[in-house]
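Single-structure report; data block below.
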Amino acid sequence: MSRSDAWRHTAQERGADVTLTVDGEPVHACAGETVATAMLATGTTFERDRTGAPRAPLCNMGTCFECVATVDGRPLTRTCLTPAREGLTIETSGRL
(Lines give C-alpha, C1' and ligand atoms only; values in the text may rest on other atoms or scores of the structure.)
Protein backbone atom coordinates (compact mmCIF):
# COMPACT_ATOMS: atom_id res chain seq x y z
CA MET A 1 0.00 0.00 0.00
CA SER A 2 1.43 3.32 -0.98
CA ARG A 3 1.43 6.20 1.43
CA SER A 4 -1.22 8.07 -0.56
CA ASP A 5 -3.61 5.11 -0.20
CA ALA A 6 -3.26 4.95 3.58
CA TRP A 7 -5.37 8.04 4.24
CA ARG A 8 -8.27 8.54 1.93
CA HIS A 9 -10.56 11.45 2.43
CA THR A 10 -14.19 10.86 1.59
CA ALA A 11 -16.32 13.79 0.52
CA GLN A 12 -19.02 14.26 3.11
CA GLU A 13 -22.12 16.18 2.19
CA ARG A 14 -23.85 18.01 4.97
CA GLY A 15 -27.53 17.45 5.64
CA ALA A 16 -30.31 19.90 4.95
CA ASP A 17 -30.56 23.05 7.04
CA VAL A 18 -32.81 22.61 10.07
CA THR A 19 -33.82 24.89 12.92
CA LEU A 20 -33.85 23.77 16.55
CA THR A 21 -35.18 25.79 19.45
CA VAL A 22 -32.83 26.03 22.41
CA ASP A 23 -34.23 27.79 25.46
CA GLY A 24 -36.69 29.61 23.21
CA GLU A 25 -34.04 30.80 20.71
CA PRO A 26 -33.62 29.44 17.18
CA VAL A 27 -30.41 27.53 16.49
CA HIS A 28 -29.52 26.56 12.92
CA ALA A 29 -27.90 23.21 12.20
CA CYS A 30 -27.56 20.59 9.50
CA ALA A 31 -29.70 17.48 9.68
CA GLY A 32 -27.67 14.62 11.08
CA GLU A 33 -25.32 16.74 13.19
CA THR A 34 -25.75 16.21 16.88
CA VAL A 35 -27.62 18.74 18.97
CA ALA A 36 -24.44 19.33 21.00
CA THR A 37 -22.50 20.07 17.81
CA ALA A 38 -25.10 22.60 16.69
CA MET A 39 -25.09 24.26 20.10
CA LEU A 40 -21.29 24.44 20.20
CA ALA A 41 -21.02 25.72 16.62
CA THR A 42 -23.44 28.55 17.27
CA GLY A 43 -22.05 29.49 20.68
CA THR A 44 -25.22 28.48 22.49
CA THR A 45 -24.65 28.27 26.22
CA PHE A 46 -25.07 25.02 28.09
CA GLU A 47 -26.51 25.22 31.60
CA ARG A 48 -24.43 25.58 34.74
CA ASP A 49 -24.17 22.95 37.44
CA ARG A 50 -25.40 23.28 41.01
CA THR A 51 -22.32 25.30 42.01
CA GLY A 52 -22.72 27.73 39.10
CA ALA A 53 -19.79 26.33 37.09
CA PRO A 54 -20.40 26.23 33.32
CA ARG A 55 -21.04 22.89 31.66
CA ALA A 56 -20.46 21.76 28.10
CA PRO A 57 -19.82 18.51 26.24
CA LEU A 58 -16.62 16.95 27.46
CA CYS A 59 -16.35 13.55 25.79
CA ASN A 60 -18.77 14.06 22.87
CA MET A 61 -19.52 10.32 22.85
CA GLY A 62 -22.13 9.90 25.56
CA THR A 63 -20.13 8.81 28.58
CA CYS A 64 -19.70 11.97 30.66
CA PHE A 65 -23.30 13.34 30.73
CA GLU A 66 -22.01 16.95 30.76
CA CYS A 67 -24.23 17.79 27.78
CA VAL A 68 -27.57 16.54 29.11
CA ALA A 69 -30.66 18.66 28.51
CA THR A 70 -34.39 18.20 28.12
CA VAL A 71 -35.04 17.35 24.46
CA ASP A 72 -38.66 17.34 23.28
CA GLY A 73 -39.78 16.92 26.89
CA ARG A 74 -37.38 14.05 27.70
CA PRO A 75 -35.14 15.08 30.61
CA LEU A 76 -31.50 14.03 30.91
CA THR A 77 -31.07 13.44 27.19
CA ARG A 78 -27.45 13.39 26.02
CA THR A 79 -27.30 16.05 23.31
CA CYS A 80 -24.05 14.63 21.95
CA LEU A 81 -25.96 11.49 20.90
CA THR A 82 -29.12 13.19 19.64
CA PRO A 83 -29.27 13.92 15.89
CA ALA A 84 -30.49 17.39 14.98
CA ARG A 85 -33.77 17.50 13.11
CA GLU A 86 -36.28 20.16 12.23
CA GLY A 87 -38.39 21.37 15.13
CA LEU A 88 -36.51 19.84 18.07
CA THR A 89 -37.03 21.74 21.32
CA ILE A 90 -34.14 21.78 23.80
CA GLU A 91 -34.27 23.20 27.31
CA THR A 92 -31.03 23.52 29.24
CA SER A 93 -32.28 25.18 32.43
CA GLY A 94 -33.37 23.20 35.43
CA ARG A 95 -31.91 19.94 34.17
CA LEU A 96 -30.10 19.03 37.38
Side-chain angles (χ1 to χ4, degrees):
M1 178 183 307
S2 72
R3 183 161 217 217
S4 63
D5 291 336
W7 300 101
R8 292 186 213 167
H9 296 282
T10 306
Q12 179 73 29
E13 290 192 28
R14 297 184 79 184
D17 290 334
V18 296
T19 302
L20 322 170
T21 303
V22 179
D23 295 331
E25 298 293 324
V27 171
H28 299 285
C30 292
E33 289 180 337
T34 65
V35 171
T37 299
M39 291 173 68
L40 286 168
T42 59
T44 305
T45 309
F46 285 79
E47 187 57 48
R48 296 179 177 270
D49 69 11
R50 292 179 184 132
T51 67
R55 299 183 72 142
L58 179 64
C59 71
N60 236 2
M61 62 182 192
T63 60
C64 74
F65 288 80
E66 288 293 311
C67 68
V68 295
T70 300
V71 178
D72 280 349
R74 293 180 320 224
L76 299 174
T77 301
R78 291 173 283 182
T79 61
C80 70
L81 297 178
T82 305
R85 62 179 168 73
E86 185 66 38
L88 274 181
T89 302
I90 297 94
E91 298 172 27
T92 62
S93 59
R95 64 190 168 119
L96 297 175

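Residues take their numbers from the sequence shown, with the count starting at 1.
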Going by atom type alone, with no hydrogens or angles, which donor-acceptor pairs under 3.5 Å involve a side-chain atom of residues 58-65 and a protein atom two or more places apart or on another chain?
none

Measure the CZ-CG distance between R85 and L20 for me, rounded to the nearest 0.5 Å. 9.5 Å
Among I90, V18, L88, V22, the one residue meeting side chain to side chain contact (heavy atoms under 4.5 Å, CB included) with V27: V22
Just do the side chain to side chain contact (heavy atoms under 4.5 Å, CB included) check on T19 and E86 with the steps written out, would you? CA-CA 5 Å; T19 302; E86 185 66 38; 3.9 Å; yes
Working for side chain to side chain contact (heavy atoms under 4.5 Å, CB included), residues T44 and E25: CA-CA 9 Å; T44 305; E25 298 293 324; over 6 Å; no
Would you find a donor on one side and an acceptor on the other, under 3.5 Å apart, between the side chain of T79 and the backbone of V35? no
Spatial distance of atom CZ (R78) from atom OG1 (T34) [nearest 0.5 Å]: 12.5 Å
What is the minimum heavy-atom distance between L40 and P57, and which atoms define it? CD1-CG, 4.0 Å
Apply side chain to side chain contact (heavy atoms under 4.5 Å, CB included) to D17 and C30, showing your working. CA-CA 5 Å; D17 290 334; C30 292; 4.0 Å; yes
